[in-house]
**Student:** 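Sharing a structure, written as structure tokens. Questions coming.
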Amino acid sequence: MIASSLSSGIEQLGDLIAAASVIVPFTGAGISTECGIPDFRSPSGLWTRNRPIPFDEFVASQDARDESWRRRFAMEETFAAAKPGRGHRALAALYKAGKVPALITQNIDNLHQASGFRPDDVIELHGNTTYARCIGCGKRFELSWVKQLFDGREHAPDCSDCDEPVKTATISFGQAMPEDEMHRAAELARACDLFIAIGSSLVVWPAAGFPAMARNSGAQLVIINNEPTEQDELADLVIRHDIGETLGPFAGN
Ligand code: NAD
């Protein structure tokens with residue numbers, strides 16, 4: 001059912017939250033747009049400007065790695081300046097209140113951790129862009145290390161231990177999904193009684209499978225997104241409004 005207005009959506013969401021014992025939020029890029037980080041598919045989204053670089057291309061080509069790091073450094077001011085928004089703060093308040101055990105996110109911006117979630121309780125399906133890892137041995141690198149070497153030779157550096165390429169700690173198209181995270185996300189989706197999908201176009205698979213998994217396991221499903229998603233017909237409640245406006249009243253400040 002689509003909420004007839006923002007206020008009716010907020011009221012119905014409030015009732016569902018009050019009645020639920022275990023709430024699992026599932027977030028996408030839309031929760032971070034009010035923090036200044038563009039999403040992918042909106043007209044102003046990142047893909048309007050840049051074709052994504054698939055994983056096999058990144059591995060095979062130094063040019064692709066250089067381009068990928070150039071794009072990442074170009075976004076650094078935006079990522080570094082971003083602070084949690086009303087949506088992040090509302091979810092952090094529900095977490096603090098003990099209603100949300102953990103959340104599942106497709107986002108890579110670290111803003112849920114910045115809002116007060118313990119890192120272990122943020123299940124990142126697509127990784128995190130605020131640091132880097134060697135794709136061979138998994139060694140962690142800070143972006144400042146990559147930047148310094150990149151600036152020195154205008155090429156993306158390789159791992160200091162094993163010489164394999166270093167990449168932001170994100171999951172690119174064509175790269176395997178993280179097994180532990182997929183497993184934990186499935187457990188949460190099956191165990192909750194309220195699943196709230198927030199700011200996702202719900203078209204990136206396999207992540208987009210979790211709302212249906214929760215619904216099929218008996219949870220109520222709420223979708224908050226300012227445009228229709230492919231899964232709206234599965235939802236008990238669809239709130240087609242701005243996320244900050246919708247979740248602001250739950251932020252507790
Ligand atoms: P998406 O871009 O496909 O969809 C975002 C959706 O949010 C769109 O339907 C858009 O209309 C909606 N939206 C944007 N701002 C909104 C607002 N203020 N209120 C309500 N709705 C709003 O993003 P996705 O579904 O998360 O999937 C794409 C991939 O994008 C993910 O894999 C993620 O890793 C990556 N991504 C992440 C970030 C980030 O970490 N902040 C930013 C861009 C892309």
Side-chain angles (χ1 to χ4, degrees), residues 2-3 6 9-10 13 25-55 68 71-72 74-91 103-115 117 122-131 167-178 181-182 185 196-211 222-232 235 237-251:
I2 301 181
L6 174 61
I10 292 171
L13 178 61
F26 171 89
T27 62
I31 197 171
S32 297
T33 52
E34 78 167 11
C35 314
I37 301 175
D39 60 13
F40 272 173
R41 289 179 184 76
S42 295
S44 58
L46 293 171
W47 282 357
T48 325
R49 282 170 282 154
N50 289 320
R51 178 188 68 90
I53 297 170
F55 185 64
S68 168
R71 288 182 191 179
R72 177 61 187 87
M75 286 294 294
E76 180 51 13
E77 250 182 63
T78 302
F79 278 113
K83 301 270 179 300
R86 288 169 291 179
H88 300 97
R89 295 203 303 273
L91 300 181
L103 72 70
I104 308 168
T105 189
Q106 300 176 88
N107 292 347
I108 54 176
D109 56 26
N110 212 50
L111 288 178
H112 290 300
Q113 292 90 330
S115 74
F117 275 80
V122 180
I123 297 161
E124 294 176 316
L125 298 177
H126 296 159
N128 189 309
T129 194
T130 64
Y131 59 94
K167 180 177 171 296
T168 54
T170 51
I171 306 294
S172 300
F173 283 99
Q175 190 170 4
M177 293 294 285
E181 282 80 356
M182 288 299 286
I196 313 179
I198 303 161
S200 173
S201 52
L202 300 177
V203 295
V204 180
W205 291 80
F210 290 113
V222 176
I223 294 179
I224 307 173
N225 205 61
N226 63 7
E227 60 174 19
T229 78
E230 287 185 11
Q231 302 191 30
D232 286 355
L237 174 64
V238 175
I239 305 179
R240 208 167 280 164
H241 289 280
D242 180 74
I243 292 160
E245 298 288 306
T246 306
L247 291 179
F250 302 95

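One-based numbering, in listed order, for ligands and for the atoms of each.
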**Student:** For ligand 1, does Gln106 get within less than 4.0 Å through its side chain, its backbone, both, or neither, judged by non-hydrogen atoms?
**Tutor:** both
**Student:** Using a strict cut-off of 4.0 Å, indicate which atoms of ligand 1 neighbour a heavy atom of Val204.
**Tutor:** 27 (O), 28 (C)
**Student:** Using a 4.0 Å cutoff against the non-hydrogen atoms of Gly199, which atoms of ligand 1 qualify?
**Tutor:** 5 (C), 6 (C), 7 (O)
**Student:** Suppose we screen for side-chain hydrogen bond (donor to acceptor under 3.5 Å, both in side chains). Which residues come up paired with Glu124, at least two apart in sequence or across chains?
**Tutor:** Gln113, Asn128
**Student:** Please identify each residue that fulfils ring pair (Phe, Tyr, Trp, His ring centres under 6.0 Å) with Phe26, with sequence neighbours left out.
**Tutor:** Phe195
**Student:** Are the side chains of Leu13 and Ile196 in touch, meaning some heavy atoms are under 4.5 Å apart?
**Tutor:** yes
**Student:** Pick one of side chain, backbone, both or neither for how His241 approaches ligand 1, counting any non-hydrogen atom pair under 4.0 Å.
**Tutor:** backbone
**Student:** Determine whether any heavy atom of Glu245 lies closer than 4.0 Å to an atom of ligand 1.
**Tutor:** no
**Student:** Please list, in number order, the atoms of ligand 1 under 4.0 Å from a heavy atom of Ser32.
**Tutor:** 41 (N)
**Student:** Between Ser200 and ligand 1, which part of the residue brings a heavy atom under 4.0 Å of the ligand: side chain, backbone, both or neither?
**Tutor:** both
**Student:** Between Asn225 and Ser200 (side chain of the first, backbone of the second, donor and acceptor by atom type, cut-off under 3.5 Å), is there such a pair?
**Tutor:** yes
**Student:** Quick check: does Ile243 get an N/O under 3.5 Å from an N/O on ligand 1?
**Tutor:** yes
**Student:** Taking only heavy atoms of Gly28, which atoms of ligand 1 are found under 4.0 Å from at least one of them?
**Tutor:** 26 (O)
**Student:** Distance check, rounded to the nearest 0.5 Å: Asn107 atom CG versus Leu125 atom CG?
**Tutor:** 10.0 Å
**Student:** Which residue in the set Ile239, Leu247, Thr246 passes side chain to side chain contact (heavy atoms under 4.5 Å, CB included) when paired with Ile243?
**Tutor:** Leu247
**Student:** So, is Ala29 polar-close to ligand 1, with some N/O to N/O distance under 3.5 Å?
**Tutor:** yes
**Student:** Using a 4.0 Å heavy-atom cut-off, which part of Asn226 comes near ligand 1: side chain, backbone, both, or neither?
**Tutor:** both
**Student:** Side chains of Thr27 and Thr105: donor-acceptor distance under 3.5 Å anywhere?
**Tutor:** yes
**Student:** Among Ile198, Asp109, Asn225, Thr27, which residue places a heavy atom closest to atom 41 (N) of ligand 1?
**Tutor:** Asp109
**Student:** When you measure from atom 10 (C) of ligand 1 to each heavy atom in Ile224, Asp39, Thr170, Ile31, which option holds the nearest one?
**Tutor:** Asp39
**Student:** Looking at CG of Asn110 and OH of Tyr131, how far apart are the two atoms once the value is rounded to the nearest 0.5 Å?
**Tutor:** 8.0 Å
**Student:** Could you see which bit of Thr33 sits under 4.0 Å from ligand 1, with heavy atoms only: side chain, backbone, both or neither?
**Tutor:** side chain
**Student:** Any heavy atom of Glu227 closer to ligand 1 than 4.0 angstrom?
**Tutor:** yes
**Student:** Flag the pair Arg240 / Asp232 as yes when at least one side-chain heavy-atom distance between them is below 4.5 Å, and no otherwise.
**Tutor:** yes
**Student:** Can an N or O of Pro38 be found at a distance shorter than 3.5 Å from an N or O of ligand 1?
**Tutor:** no
**Student:** May I ask you to list the atoms of ligand 1 that are less than 4.0 angstrom from any heavy atom of His126?
**Tutor:** 31 (C), 32 (O), 33 (C), 34 (O)
**Student:** Is there a side-chain contact between Cys35 and His88 in this structure, where contact means two heavy atoms from C-beta onward sitting under 4.5 Å apart?
**Tutor:** yes
**Student:** Checking the side chain of Glu34 only, and the main-chain atoms of Arg86 only, is there a donor and an acceptor separated by less than 3.5 Å?
**Tutor:** yes
